[in-house]
**Student:** 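This is the structure, below, for whatever I ask next.
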Amino acid sequence: MAASAERLTMVPKTVQELAAAVEEPPSRYVRPEQDRQAGLVAADEMQEPIPLVDLSRLTDADEADKLRAALQTWGLFLATNHGIEHALMDAMMSASREFFRQPFEEKQKCSNSVEGKPFEVEGYGNDKETTEDQILDWNDRLHLRVEPEDERNFAKWPSRPESFRDVLHEYTSRTKRVRDLILRSIAKLLELDEDYFVNQISDKASGFARFNYYPPCPRPDHVLGLKPHSDGGLITLLFVDEEVGGLQVQRDGKWYNVLVKPHTLVINLADCMEIMNNGIFRSPVHRVVTNIQKERLSLAVFYGVDGETVLEPAPGLLDDKRPPRYRKIEFKDFVLGLFEHFRQGTRFIETLKI
Ligand SMILES: O=C(O)CCC(=O)C(=O)O
Ligand SMILES: [Fe+2]
């Protein structure tokens, strides 16, 4: 007790600790005035809800049309009948909750900063802080590589709760199948070879699981759980807390709440897909608002390509009337630019537009 009280008098290492220690978020977390004026939590009313797509029926024209409409309007959709057993989803969410509920010292065993200094992409902690004016998010995360499978770094995978590793292994074996199903369905919608996008994925392609933990926040009107961003890879499969909302998606400059049903996934396109489909379907900008009373959890599985893969619009989508809208770039260079821009709250993909 004394030791942990002492530690709290120093700069808290995680938002979870901070939330337990302060009544007012430190200024590093407070969004600039212009963001706050627009209202951080308020969302616009949707004309129509985000479509719920039945993944077991995607071969039917009407379900495929629903997917097309969702991607055109939002760049994301809700998915049901995705083939991930509900019990497995529940086990994954409980293992994640148990992980974050453990004492700081236990979670630190998976830390992303070794001896308080060098920052690693994998592990438990927060974003790297590179500049003084970087505004921080009200969340802690556990970020783990899941693909390629032979490059998993188990030193960063929690050993407690005991079920964590097996459950994550099972869960991501299912999400990978969902990834391929969606990529094939999108290729069909675009009248490309069904395997066009799947063929961009080599056995060195990346996959990361990001477990997000958002503690209750005393000032939801001043602070964001996660700043506006788009995801960097091909596609993201998001499993969010069904009890506590917070995810919002932007469209034409307005923010809308993404409401989920139990055991549905939120699937969104990410920047590499926007480039490959030449901007026909966009990678949506989204953010997470905080909640004054309740903690919130989510699990994002991000699928990308291999570092050497050149991102470029699919040749089958280009002709004299449809020139490429994005410059070519290797995925590894894209990732570097992405992280730099993410920290500053800007989008790297904008710099690739022709
Ligand atoms: O927590 C959420 O609902 C969204 C998380 C997210 O956007 C991300 O991890 O990239
Ligand atoms: Fe995201």
Side-chain angles (χ1 to χ4, degrees), residues 55 76 79 82-85 88-89 91-93 95-96 99 110 112 119-125 141-159 163-187 194-212 229-240 265-277 283 298-311 329-339 342 348:
L55 299 195
L76 64 73
H82 37 59
I84 311 177
E85 300 85 335
L88 178 57
M89 295 181 88
M92 189 72 269
M93 200 44 102
S96 167
F99 171 77
C110 307
N112 68 359
F119 173 87
E120 293 174 25
V121 173
E122 278 192 84
Y124 170 67
R141 53 111 191 283
L142 171 65
H143 198 216
L144 302 174
R145 177 185 285 283
V146 294
E147 294 287 336
E149 249 189 85
D150 58 6
E151 286 180 29
R152 290 179 179 182
N153 176 7
F154 291 111
K156 299 285 178 192
W157 287 44
S159 51
S163 62
F164 193 100
R165 294 180 181 194
D166 287 348
V167 173
L168 180 56
H169 176 75
E170 283 299 307
Y171 183 80
T172 50
S173 70
R174 307 295 192 280
T175 51
K176 202 169 160 179
R177 280 188 231 152
V178 178
R179 171 195 72 182
D180 293 348
L181 173 69
I182 302 303
L183 293 183
R184 290 200 168 95
S185 305
I186 296 176
E194 190 182 359
D195 286 330
Y196 180 79
F197 297 117
V198 172
N199 284 343
Q200 306 292 319
I201 300 174
S202 73
D203 53 6
K204 287 269 166 252
S206 73
F208 281 91
R210 175 174 161 140
F211 294 84
N212 292 303
H229 68 281
S230 57
D231 297 339
L234 286 170
I235 191 170
T236 304
L237 277 59
L238 193 58
F239 174 22
V240 303
L265 291 174
V266 180
I267 301 184
N268 66 270
L269 294 195
D271 295 346
C272 295
M273 272 300 271
E274 177 173 326
I275 295 173
M276 286 182 190
N277 76 54
S283 160
S298 71
L299 165 56
V301 183
F302 306 107
Y303 285 111
V305 288
D306 142 3
E308 309 294 317
T309 299
V310 176
L311 304 172
I329 185 168
E330 273 192 16
F331 185 57
K332 60 175 178 312
D333 296 329
F334 184 79
V335 171
L336 289 178
L338 183 87
F339 280 120
F342 175 74
F348 183 52

**Student:** Under the side chain to side chain donor-acceptor pair (under 3.5 Å) test, which residues partner Arg179, sequence neighbours left out?
**Tutor:**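 Counting only residues at least two positions away or on another chain, Arg179 forms no side chain to side chain donor-acceptor pair (under 3.5 Å).
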**Student:** Taking the side chain as C-beta and beyond, is there a heavy-atom pair between Leu269 and Leu234 under 4.5 Å?
**Tutor:**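 SC-SC contact between Leu269 and Leu234 ruled out.
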**Student:** I need the minimum non-hydrogen distance between Leu238 and Ala300, along with the two atoms involved.
**Tutor:**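 Leu238 and Ala300 have their closest heavy atoms at CD1-CB, 3.5 Å.
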**Student:** Under the salt bridge (Lys or Arg N to Asp or Glu O under 4.0 Å) rule, collect the residues that match up with Arg184, sequence neighbours excluded.
**Tutor:**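 Expected list: Asp195.
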**Student:** My understanding is that only residues two or more places apart in sequence, or in another chain, count here; which of them pass side chain to side chain contact (heavy atoms under 4.5 Å, CB included) with Ala95?
**Tutor:**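 Checked Ala95 against side chain to side chain contact (heavy atoms under 4.5 Å, CB included); matches are Met92, Pro161, Ser163, Phe164.
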**Student:** How far apart are the closest heavy atoms of Asp180 and Val198, and which atoms are they?
**Tutor:**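 Result for this residue pair: O-CG2, 4.0 Å.
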**Student:** Residues in ring pair (Phe, Tyr, Trp, His ring centres under 6.0 Å) with Phe239, at least two apart?
**Tutor:**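 Once residues adjacent in sequence are excluded, Phe239 has no partner under the ring pair (Phe, Tyr, Trp, His ring centres under 6.0 Å) criterion.
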**Student:** Given side chain to side chain contact (heavy atoms under 4.5 Å, CB included), test Met276 with Leu311 step by step and report yes or no.
**Tutor:** CA-CA 7 Å; Met276 286 182 190; Leu311 304 172; 3.8 Å; yes
**Student:** Between His82 and Met89, does a side chain to side chain contact (heavy atoms under 4.5 Å, CB included) hold up when you go through it step by step?
**Tutor:** CA-CA 11 Å; His82 37 59; Met89 295 181 88; 3.6 Å; yes
**Student:** Which is it for Leu144 and Asn153 under the side chain to side chain contact (heavy atoms under 4.5 Å, CB included) test, yes or no, and what are the steps along the way?
**Tutor:** CA-CA 8 Å; Leu144 302 174; Asn153 176 7; over 6 Å; no
**Student:** Checking the side chain of Glu274 only, and the main-chain atoms of Ser283 only, is there a donor and an acceptor separated by less than 3.5 Å?
**Tutor:**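 At least one qualifying donor-acceptor pair exists.
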**Student:** Under the side chain to side chain donor-acceptor pair (under 3.5 Å) rule, collect the residues that match up with Glu85, sequence neighbours excluded.
**Tutor:**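 Result, side chain to side chain donor-acceptor pair (under 3.5 Å) vs Glu85: Arg174.
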**Student:** Under 3.5 Å, is there a donor-acceptor pair between the side chain of Thr309 and the main chain of Val305?
**Tutor:**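 Flag not set: sc Thr309 to bb Val305 has no pair under 3.5 Å.
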**Student:** How long is the straight-line distance from OG1 of Thr172 back to CG of Leu237, given to the nearest 0.5 Å?
**Tutor:**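 One finds 11.0 Å between CG of Leu237 and OG1 of Thr172.
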**Student:** Quick test of your reading: applying salt bridge (Lys or Arg N to Asp or Glu O under 4.0 Å), list the pairs with at least one residue in residues 201-210, sequence neighbours left out, ordered by first then second residue.
**Tutor:**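 For residues 201-210, and leaving out neighbouring residues, the salt bridge (Lys or Arg N to Asp or Glu O under 4.0 Å) pairs sorted by first residue read Glu151-Lys204.
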**Student:** Taking all non-hydrogen atoms of both residues into account, name the closest pair between Cys110 and Phe99 and its distance.
**Tutor:**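 Here Cys110 and Phe99 meet closest at SG-CE1, 4.2 Å.
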**Student:** Could you tell me whether the side chain of Arg141 reaches within less than 4.5 Å of the side chain of Tyr124, counting heavy atoms only?
**Tutor:**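 Side-chain contact under 4.5 Å: no.
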**Student:** Can you tell if the side chain of Asn212 reaches within under 4.5 Å of the side chain of Leu299, non-hydrogen atoms only?
**Tutor:**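 No, side chains not in contact.
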**Student:** How about Ile235 and Val178: do any of their side-chain heavy atoms sit closer than 4.5 Å?
**Tutor:**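 They are not in contact (no side-chain heavy atoms under 4.5 Å apart), so the answer is no.
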**Student:** Applying side chain to side chain donor-acceptor pair (under 3.5 Å), can you list everything that pairs with Thr236, at least two apart in sequence or on another chain?
**Tutor:**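 Here the qualifying residues are Asp231.
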**Student:** Begin with the C-alpha distance, continue with both residues' side-chain angles, and end with the deciding distance and a verdict on side chain to side chain contact (heavy atoms under 4.5 Å, CB included) for Leu88 and Val167.
**Tutor:** CA-CA 7 Å; Leu88 178 57; Val167 173; 4.1 Å; yes
**Student:** For Lys332, what residues pass the salt bridge (Lys or Arg N to Asp or Glu O under 4.0 Å) criterion, not counting sequence neighbours?
**Tutor:**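 Salt bridge (Lys or Arg N to Asp or Glu O under 4.0 Å) check on Lys332 returns Glu308, Glu330.
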**Student:** Restricting to ring pair (Phe, Tyr, Trp, His ring centres under 6.0 Å), what partner residues turn up for Phe348, sequence neighbours left out?
**Tutor:**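 Partners of Phe348 by the ring pair (Phe, Tyr, Trp, His ring centres under 6.0 Å) criterion, ordered by chain and then number, come out as Phe334, His341.
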**Student:** Go through the structure and list residues passing side chain to side chain donor-acceptor pair (under 3.5 Å) with Thr175, not counting sequence neighbours.
**Tutor:**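 Side chain to side chain donor-acceptor pair (under 3.5 Å) list for Thr175, sorted by chain: Tyr303.
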**Student:** So which heavy atom on Gly304 is nearest to which on Phe331, and how close?
**Tutor:**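 Of all heavy-atom pairs spanning Gly304 and Phe331, the closest is CA-CZ, 4.1 Å.
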**Student:** Check salt bridge (Lys or Arg N to Asp or Glu O under 4.0 Å) between Glu149 and all other residues, then give those that pass, not counting sequence neighbours.
**Tutor:**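 So Glu149 forms no salt bridge (Lys or Arg N to Asp or Glu O under 4.0 Å) with any residue.
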**Student:** What are the two closest heavy atoms between Leu265 and Tyr171, and how far apart are they?
**Tutor:**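 That would be CD2-OH, 3.7 Å.
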**Student:** Given 3.5 Å as the limit, does a donor-acceptor pair link the side chain of Asp333 with the main chain of Ile329, or not?
**Tutor:**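 Side chain of Asp333 to backbone of Ile329: no pair is present.
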**Student:** Between Leu142 and Lys156, what is the shortest heavy-atom contact and its length?
**Tutor:**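 Leu142 and Lys156 have their closest heavy atoms at CD1-O, 4.1 Å.
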**Student:** My understanding is that only residues two or more places apart in sequence, or in another chain, count here; which of them pass ring pair (Phe, Tyr, Trp, His ring centres under 6.0 Å) with His143?
**Tutor:**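 Testing His143 for ring pair (Phe, Tyr, Trp, His ring centres under 6.0 Å), a comparison that skips the adjacent residues, returns Phe208.
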**Student:** Can you tell me how far CD1 of Ile201 sits from CD of Glu147, rounded to the nearest 0.5 angstrom?
**Tutor:**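 Output value for this atom pair is 9.0 Å.
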